[in-house]
Peer 1: 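Starting off with a structure, shown below.
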Protein chains: 2
Amino acid sequence: MIARLECADRLDELQSAIEWLRDHYAIEDMVYHWVSSNGEQYGCGTYDPKWVVRYLEKGYLRIDPVVIGCYQRFHPVDWKRLDWSSKAARAFQKDAADHGIGNQGFSIPIRGPNGQFALFTVSHTCGDEEWDSFTELNRRDLILYAHYFNQTALRLEPGRKPEPTQQLSPREVETMTLLAVGYSRAQVADTLNISEHTLRVYIESARFKLGALNTTHAVARAMSRGQIVV
Amino acid sequence: MIARLECADRLDELQSAIEWLRDHYAIEDMVYHWVSSNGEQYGCGTYDPKWVVRYLEKGYLRIDPVVIGCYQRFHPVDWKRLDWSSKAARAFQKDAADHGIGNQGFSIPIRGPNGQFALFTVSHTCGDEEWDSFTELNRRDLILYAHYFNQTALRLEPGRKPEPTQQLSPREVETMTLLAVGYSRAQVADTLNISEHTLRVYIESARFKLGALNTTHAVARAMSRGQIVV
DNA sequence: CTCTGTCTCACCATTTCTGGGGAGGGGAAA
DNA sequence: TTTCCCCTCCCCAGAAATGGTGAGACAGAG
């Protein structure tokens with residue numbers, strides 16, 4: 001959910017391609033999940049703009065089982081196989097249906113270098129058999145499109161403009177990593193065989209590079225940007 | 001570079017498929033970058049085992065421009081377009097050539113939910129024109145194979161067993177999320193309109209559920225398990 | 001060969017977090 | 001209905017983190 005605007009001149013391409021796909025497959029909706037935390041749309045899709053606005057306003061990003069489910073998944077997934085048991089999820093499902101979202105869906109997660117995350121989704125209203133045969137027949141194509149579309153969209157994601165992700169030094173990476181696995185400052189310093197004072201220098205410089213307000217924030221940012229891996 | 005062993009029974013499949021690909025495309029090497037931080041091999045490829053061992057011993061993971069370049073890239077990349085300018089990179093390039101690695105290569109990065117990272121690489125020894133026409137003709141297939149192979153390999157990566165994930169309560173999720181974006185305890189309490197004392201109860205119960213040693217650890221775990229999204 | 005970045009060490013005072021307690025109301029599930 | 005979990009509130013003292021400043025050595029890049 002981090003952004004870097006590298007080249008914004010491709011959105012038209014995406015839009016026309018997505019409409020071509022929609023006609024070609026006779027599928028109602030084919031869409032990105034425009035997963036920008038600040039609400040800006042950076043992907044493009046065929047959903048009703050009203051639904052997009054409502055989705056963001058209601059904070060459905062944190063409720064939608066499609067997003068939640070795909071966020072921890074490797075592979076493409078059919079909506080039927082997600083967890084719709086919670087009350088919030090059911091309310092969301094109903095609201096989505098009321099806004100004309102298909103009852104069937106298939107989503108493919110894609111990730112970027114700095115923890116960016118996007119979904120390529122096709123959805124439709126039909127029965128299970130019809131849907132299953134569609135997804136099976138077109139699985140390869142969908143994966144390919146997801147690959148192209150999402151990765152382009154990820155590059156287009158708005159948010160932070162110039163702030164080129166500052167690389168952390170090796171020591172800073174070690175520091176952040178050990179903090180992320182629960183070590184206290186004293187323990188980290190001990191593990192790295194340096195004084196706690198030195199350690200603090202690393203934490204502060206990492207915090208500075210990451211634009212973080214405190215240690216927890218710094219670790220969280222380093223993780224979400226993929227600069228440390230835990 | 002994280003691991004979760006979900007099903008190890010597919011390695012054979014991968015191996016035979018990769019050999020089929022190798023024959024089919026008449027390509028010398030087609031390989032994973034077995035990117036396991038502990039040195040265990042979890043992918044499979046057609047490189048000489050001696051080279052694999054040497055690669056790991058020498059710590060080439062942190063030098064190899066293919067790995068470094070793809071790690072911050074969205075799209076597949078031809079080796080020619082990478083940065084081979086540093087001294088270490090040239091030394092690596094020579095060593096690789098001495099071990100029979102092709103002079104041409106094409107690598108596709110794929111990522112997993114917890115920052116896992118893998119590469120699908122094809123390489124060969126030939127001239128530029130031949131290579132370019134090969135990659136152009138087979139781009140789609142290569143991307144598809146990369147998708148299937150890498151994601152399977154990522155799931156096979158050794159390391160940690162799947163931990164049963166304790167669900168966090170809504171309040172706990174909010175707490176962890178706000179902490180992850182840099183709020184102090186006082187600010188979080190203020191934002192949620194609760195007393196700081198109450199907030200502490202959430203932090204502690206979240207910490208308990210996540211098996212975390214401190215707040216930073218708890219936030220890191222919640223993030224890496226996808227229980228909060230930042 | 002300079003310059004930039006990394007790595008290492010030190011002190012101060014203040015703020016913040018942590019780890020123990022205990023307690024009541026509400027809702028959902030069994 | 002009981003039980004379990006979630007939400008809310010309170011106290012205290014010790015431990016840990018933070019913010020600011022300063023400085024020397026060493027390496028690699030231009």
Side-chain angles (χ1 to χ4, degrees), chain A residues 85-91 164-222 227, chain B residues 62-63 65 68 83-92 165-222 227:
Chain A
S85 62
S86 86
K87 207 192 295 181
R90 288 183 179 274
T165 15
Q166 265 272 34
Q167 275 312 102
L168 298 181
S169 79
R171 268 325 211 191
E172 287 159 359
V173 171
E174 288 181 289
T175 300
M176 290 292 110
T177 304
L178 290 172
L179 288 174
V181 297
Y183 285 35
S184 70
R185 294 203 314 197
Q187 288 176 303
V188 175
D190 201 48
T191 304
L192 298 179
N193 280 312
I194 54 176
S195 76
E196 196 179 330
H197 307 285
T198 303
L199 185 84
R200 284 181 44 198
V201 177
Y202 296 146
I203 298 177
E204 283 184 37
S205 76
R207 206 171 50 219
F208 179 74
K209 286 183 181 175
L210 294 161
L213 300 166
N214 53 47
T215 302
T216 300
H217 192 199
V219 169
R221 287 203 144 177
Q227 296 182 336
Chain B
R62 302 183 186 283
I63 296 171
I68 294 171
D83 174 25
W84 298 89
S85 62
S86 87
K87 207 190 298 179
R90 288 184 180 275
F92 164 75
T165 34
Q166 261 271 32
Q167 275 309 101
L168 297 181
S169 80
R171 262 336 205 186
E172 287 158 358
V173 171
E174 289 181 289
T175 300
M176 290 293 110
T177 304
L178 290 172
L179 288 174
V181 297
Y183 285 34
S184 70
R185 294 202 315 194
Q187 288 176 303
V188 175
D190 201 48
T191 305
L192 298 179
N193 280 312
I194 54 177
S195 76
E196 195 179 329
H197 310 284
T198 303
L199 184 84
R200 283 181 44 199
V201 179
Y202 296 147
I203 299 177
E204 284 184 36
S205 75
R207 207 169 52 218
F208 180 75
K209 286 183 183 176
L210 294 161
L213 300 166
N214 54 47
T215 302
T216 300
H217 192 198
V219 169
R221 288 204 142 177
Q227 297 182 337

Peer 1: Out of B:Leu179, B:Asn214, B:Leu210, B:Ile203, which residue meets the side-chain contact (heavy atoms from CB on, under 4.5 Å) rule with B:Val219?
Peer 2: B:Leu179
Peer 1: Looking at side-chain heavy atoms only, is the closest gap between A:Gln187 and A:Leu178 below 4.5 Å?
Peer 2: no
Peer 1: Please evaluate residues A:Val188 and A:Tyr202 with respect to the criterion side-chain contact (heavy atoms from CB on, under 4.5 Å), reporting the C-alpha separation (whole Å), side-chain torsions for both, the decisive distance (0.1 Å), and the verdict.
Peer 2: CA-CA 11 Å; A:Val188 175; A:Tyr202 296 146; over 6 Å; no
Peer 1: Using a cut-off of strictly less than 4.0 Å, decide whether B:Tyr202 has a side-chain nitrogen or oxygen near OP1 or OP2 of D:dT8.
Peer 2: yes
Peer 1: Would you say a side-chain N or O of A:Lys209 is under 4.0 Å from OP1 or OP2 of C:dG5?
Peer 2: no
Peer 1: Please identify each residue that fulfils side chain to side chain contact (heavy atoms under 4.5 Å, CB included) with B:Ala186, with sequence neighbours left out.
Peer 2: B:Ser184, B:Glu196
Peer 1: May I ask you to evaluate whether A:Thr198 reaches the phosphate of C:dC7, defined as a side-chain N or O under 4.0 Å from OP1 or OP2?
Peer 2: no
Peer 1: With a 4.5 Å cut-off on side-chain heavy atoms, are A:Tyr183 and B:Leu213 touching?
Peer 2: no
Peer 1: Reckon A:Ser169 touches a base, only the sugar-phosphate, or nothing at all at heavy-atom distances under 4.0 Å?
Peer 2: sugar-phosphate
Peer 1: Each nucleotide in nucleotides 12-30 of chain C should get exactly one letter: B, S or -. Can you fill that in based on protein heavy atoms under 4.0 Å?
Peer 2: B----BBBB-------S--
Peer 1: Taking CG from A:Leu168 and P from C:dC7, how many angstroms apart are they, rounded to a whole number?
Peer 2: 11 Å
Peer 1: CG of B:Leu199 versus P of D:dC10: gap in Å, rounded?
Peer 2: 13 Å
Peer 1: Would you mind reporting whether B:Gln227 and B:Met176 have side-chain heavy atoms less than 4.5 Å apart?
Peer 2: no
Peer 1: How far does CZ of B:Arg171 sit from OG1 of B:Thr198, to the nearest 0.5 angstrom?
Peer 2: 9.0 Å
Peer 1: Could you tell me, to 10°, how much the axis swings from one end of the helix from C:dC1-D:dG30 to C:dA30-D:dT1 to the other, five pairs per end?
Peer 2: 80°
Peer 1: For B:Phe92, is the CZ atom crowded, meaning more than 12 foreign heavy atoms sit under 6.0 Å from it?
Peer 2: yes
